[in-house]
Amino acid sequence: MRARLALGIAAALAVVVLLPVVAVVALGAYGSSIGGATVASGAGNAQLLVSPSHGLPGSPLTISGSDWPPRSNVAIQLQRPSVNSKPLRLAEIITSRRGSFEFDTSIPGSVIPQGTQSVHIQAVSHKPNQPTSPSISVPFILDPYPNEISITIVDADSGSPSPNAVVRIDDAFGQEVAIDSADDAGNVSFAGIRPGKKRITIRKVDHQIARASIEVPDAGQAAFEIALRKSPGKRLIFYAYGLSYTGETTIVGLDRASGLPIRETITIPDGRFAPASVSTWNLYQGFFLAVDQNAESISARSGDLDSLWALGAVGNWMVSLRQGMWVGIWHNYLGRSTIGDVVDSRASNQLSAPGSHLYIVDPDSGEIVLRERIARYFLPPVLSPTAPYLYLVNWSGRSVDMLDLATGEQATIAERIPATIINVLVDPTDNENLILSGVNKWVYKLEIASGEVSEILQTPDVPAIFAVTNDGKLITSAFRSRELVVSSLETGQIEGVIPLHTHLDSILVDKSGPFIFGSTLNWPSNVITVQVIDSKSLTLVEVLEIPRAETASGDPPAREN
């Protein structure tokens with residue numbers, strides 16, 4: 001009896017021990033095609049089979065192989081269509097003694113770009129000292145998601161359809177999923193979008209940006225209605241030019257509300273910005289024109305159409321070529337004070353120019369009510385947002401003066417600044433302070449009332465680009481650098497870096513809009529590259545190429561020499 005029991009236990013143990021071996025051996029007989037699967041052959045008799053042959057991203061599939069090198073390592077990889085995408089490792093397996101394998105997996109939908117029609121499953125053998133290492137690739141067709149979403153854009157005030165709006169869908173990581181424009185009825189539809197939460201951004205010229213979160217269904221249809229609110233007339237002007245034979249004045253730039261590029265004809269009151277009678281072209285520069293790489297020569301303070309009125313009253317922009325260098329007179333619109341529009345007029349190579357002039361222009365009549373000469377060793381002035389004061393930084397004397405625009409009186413408010421100053425602006429978080437940057441990489445705060453100068457933080461490099469956001473974030477960039485460094489004025493700590501498409505010649509924080517604009521003027525192509533940065537997330541959201549104005553014949557406008 002005991003002998004029989006012992007034999008029974010031994011037999012049972014033998015079954016338990018042999019089961020894994022039998023399972024592996026049984027796999028050796030597998031290798032035939034299954035209906036709806038895709039099979040491919042490689043070196044020797046090795047085969048790779050994927051079942052099913054098509055499906056949705058994320059759906060399960062079975063990958064099997066036969067006649068591979070026994071006991072070899074096989075890497076299973078996912079190859080996506082983009083040439084920049086590296087293969088994604090799905091599994092690393094060991095073949096059986098008969099060179100077979102089989103396992104279940106799925107293609108992660110999160111790594112498949114929207115609109116991808118097919119991917120490839122690749123198996124690569126890595127057995128040491130193997131003369132031929134099989135590598136087989138099998139296509140897997142991606143079915144579109146069986147869903148459709150329709151979006152209707154309406155006017156927030158009237159409820160009527162709002163046509164021609166640009167609708168963009170982003171995933172949770174901010175990557176673009178789809179983009180299209182609404183038709184004349186304000187409708188736009190998208191099919192085959194990956195299910196889940198998505199972010200919609202809608203932009204239209206002269207309208208505030210509308211954003212919404214939606215849930216895309218796994219299957220079926222879903223409809224959404226989104227309202228746009230009008231915000232007309234906000235323009236960021238790069239060029240303004242007039243044709244003498246037509247009398248029309250055209251502006252080229254961006255709509256500050258939506259961030260979209262514009263080129264449109266505007267109506268100018270009599271006596272304002274009239275095209276010159278002596279030249280075919282009368283060319284004005286509003287914002288973002290650097291005639292050389294000197295940080296002080298960048299016109300970076302313009303706001304809306306008021307700048308055109310001021311520029312038109314002062315005169316046109318002229319440039320000439322002398323000894324291989326661009327030498328031009330440009331007019332920098334500083335803003336509107338209590339006594340009129342303020343314009344700084346100077347030569348492009350400012351530090352060697354004989355000086356510049358300050359103009360106060362009556363916003364109603366266009367007449368120049370004040371003309372003040374500014375010494376050449378002053379940086380471009382900054383205007384106080386609360387009083388008729390202008391702040392002048394003497395870069396060579398390391399001092400700061402304040403000019404009273406109402407009386408013309410000028411007084412020094414700070415002396416013996418620790419370093420040569422190359423940038424100055426009014427602190428948007430406290431209008432009673434100035435923010436200065438020096439060649440020693442330090443950023444300083446100047447209290448206007450007391451004249452006290454204190455250190456805030458030290459930047460990685462000498463900042464050629466210099467701005468402060470409305471919530472106290474300092475943005476700097478070194479000469480020809482392709483990144484913006486974001487620091488806190490309060491703590492002095494670097495908080496992040498914004499990668500750029502190209503270096504910037506100029507930057508503007510739009511105090512009344514959602515964007516920060518950076519710009520580069522590319523010579524000799526005469527194309528402005530504009531980089532639009534979201535002021536809240538401090539991320540680069542769009543890169544635009546804005547060509548210079550063209551004549552009716554397609555030639556660029558001639559400059560006056």
Side-chain angles (χ1 to χ4, degrees), residues 295-296 298 300-301 303 334-335 379-387 389-393 395 398-402 413-479 481 483-500 503-504 506-518 531-541:
E296 287 80 24
I298 297 171
R301 300 169 187 86
L334 303 181
L379 297 180
V382 294
L383 183 66
S384 169
T386 58
Y389 299 146
L390 205 66
Y391 302 110
L392 306 169
V393 174
W395 63 271
R398 297 184 180 181
S399 64
V400 179
D401 287 8
M402 182 175 69
I413 59 175
E415 295 182 292
R416 295 182 294 277
I417 298 176
T420 299
I421 301 300
I422 58 175
N423 292 294
V424 56
L425 51 81
V426 178
D427 184 354
T429 64
D430 187 348
N431 294 327
E432 300 303 317
N433 298 328
L434 294 179
I435 305 298
L436 315 170
S437 71
V439 295
N440 59 353
K441 303 181 184 179
W442 275 97
V443 177
Y444 302 92
K445 179 179 71 174
L446 167 61
E447 295 183 0
I448 298 171
S450 64
E452 181 180 348
V453 178
S454 57
E455 293 178 346
I456 299 179
L457 60 92
Q458 191 172 26
T459 57
D461 296 288
V462 177
I465 301 300
F466 187 71
V468 174
T469 65
N470 297 332
D471 58 351
K473 304 297 183 184
L474 177 68
I475 300 178
T476 61
S477 183
F479 175 69
S481 172
E483 63 182 21
L484 289 175
V485 179
V486 181
S487 308
S488 171
L489 284 180
E490 183 178 357
T491 65
Q493 299 296 317
I494 295 178
E495 297 185 348
V497 173
I498 306 174
L500 299 173
H503 75 278
L504 297 181
S506 190
I507 191 170
L508 173 70
V509 176
D510 192 354
K511 296 180 180 179
S512 61
F515 298 118
I516 298 171
F517 299 100
Q531 301 181 69
V532 183
I533 299 169
D534 188 298
S535 59
K536 291 184 178 180
S537 63
L538 292 179
T539 56
L540 181 65
V541 296

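Computed from a predicted model, the values in this text were never measured in an experiment.
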Just verifying a value: how many Å separate [X] [atom1] and [Y] [atom2], rounded to the nearest 0.5 Å?
X: Thr429; Y: Ile435; atom1: OG1; atom2: CD1; value: 7.0 Å
X: Leu383; Y: Leu425; atom1: CG; atom2: CG; value: 13.0 Å
X: Leu508; Y: Ile533; atom1: CG; atom2: CD1; value: 11.0 Å
X: Leu457; Y: Leu489; atom1: CG; atom2: CG; value: 6.5 Å
X: Ile421; Y: Ser437; atom1: CD1; atom2: OG; value: 6.5 Å
X: Asn433; Y: Glu452; atom1: CG; atom2: CD; value: 10.0 Å

Tell me, do [X] and [Y] make a side-chain contact under 4.5 Å, heavy atoms counted?
X: Ile465; Y: Ile475; result: no
X: Trp442; Y: Pro418; result: no
X: Leu446; Y: Ile417; result: no
X: Leu390; Y: Leu334; result: yes
X: Pro428; Y: Val509; result: no
X: Val485; Y: Ser487; result: yes
X: Asn423; Y: Thr476; result: no
X: Phe466; Y: Ile422; result: no

For Phe515, all residues meeting ring pair (Phe, Tyr, Trp, His ring centres under 6.0 Å), sequence neighbours excluded: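 Residues passing ring pair (Phe, Tyr, Trp, His ring centres under 6.0 Å) with Phe515: Phe517.
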Least distance between heavy atoms, [X] atom then [Y] atom:
X: Glu415; Y: Ser399; result: CA-CB, 4.2 Å
X: Ile494; Y: Pro460; result: CD1-CG, 3.8 Å
X: Ile498; Y: Leu540; result: CG2-N, 4.2 Å
X: Gly438; Y: Pro463; result: O-CD, 4.5 Å
X: Leu504; Y: Gln531; result: CD2-NE2, 3.3 Å
X: Pro380; Y: Val424; result: O-CG1, 4.2 Å

side-chain contact (heavy atoms from CB on, under 4.5 Å) against Gln493, all qualifying residues, sequence neighbours excluded: Thr491
Crowding at CD, Gln458 (>12 non-hydrogen neighbours, <6.0 Å): yes
Pair Leu434-Val426, side-chain contact (heavy atoms from CB on, under 4.5 Å): steps then yes or no: CA-CA 5 Å; Leu434 294 179; Val426 178; 3.8 Å; yes
Residues two or more places apart in sequence or in another chain: which of them pass side chain to side chain donor-acceptor pair (under 3.5 Å) with [X]?
X: Asn431; value: none
X: Asn470; value: none
X: Lys445; value: none
X: Ser477; value: none

Set of residues satisfying salt bridge (Lys or Arg N to Asp or Glu O under 4.0 Å) with respect to Asp401, sequence neighbours excluded: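 Per chain and number, Asp401 pairs via salt bridge (Lys or Arg N to Asp or Glu O under 4.0 Å) with no residue.
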Partner set under salt bridge (Lys or Arg N to Asp or Glu O under 4.0 Å) for Asp427, not counting sequence neighbours: none
Residues Val453, Val400; criterion side-chain contact (heavy atoms from CB on, under 4.5 Å); working and verdict: CA-CA 11 Å; Val453 178; Val400 179; over 6 Å; no
Under 3.5 Å donor-acceptor, Ser535 side chain and Pro514 backbone: yes
Donor-acceptor pair, side chain of Arg416 and main chain of Arg398, under 3.5 angstrom: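 Here the side-chain-to-backbone pair does not exist.
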Pair listing, salt bridge (charged side-chain N to carboxylate O under 4.0 Å, His left out) test, anchored in residues 461-479, at least two apart: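 Residue pairs passing salt bridge (charged side-chain N to carboxylate O under 4.0 Å, His left out), neighbours aside: Lys473-Glu495.
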Verdict with reasoning, Ile448 to Tyr389, per side-chain contact (heavy atoms from CB on, under 4.5 Å): CA-CA 11 Å; Ile448 298 171; Tyr389 299 146; over 6 Å; no
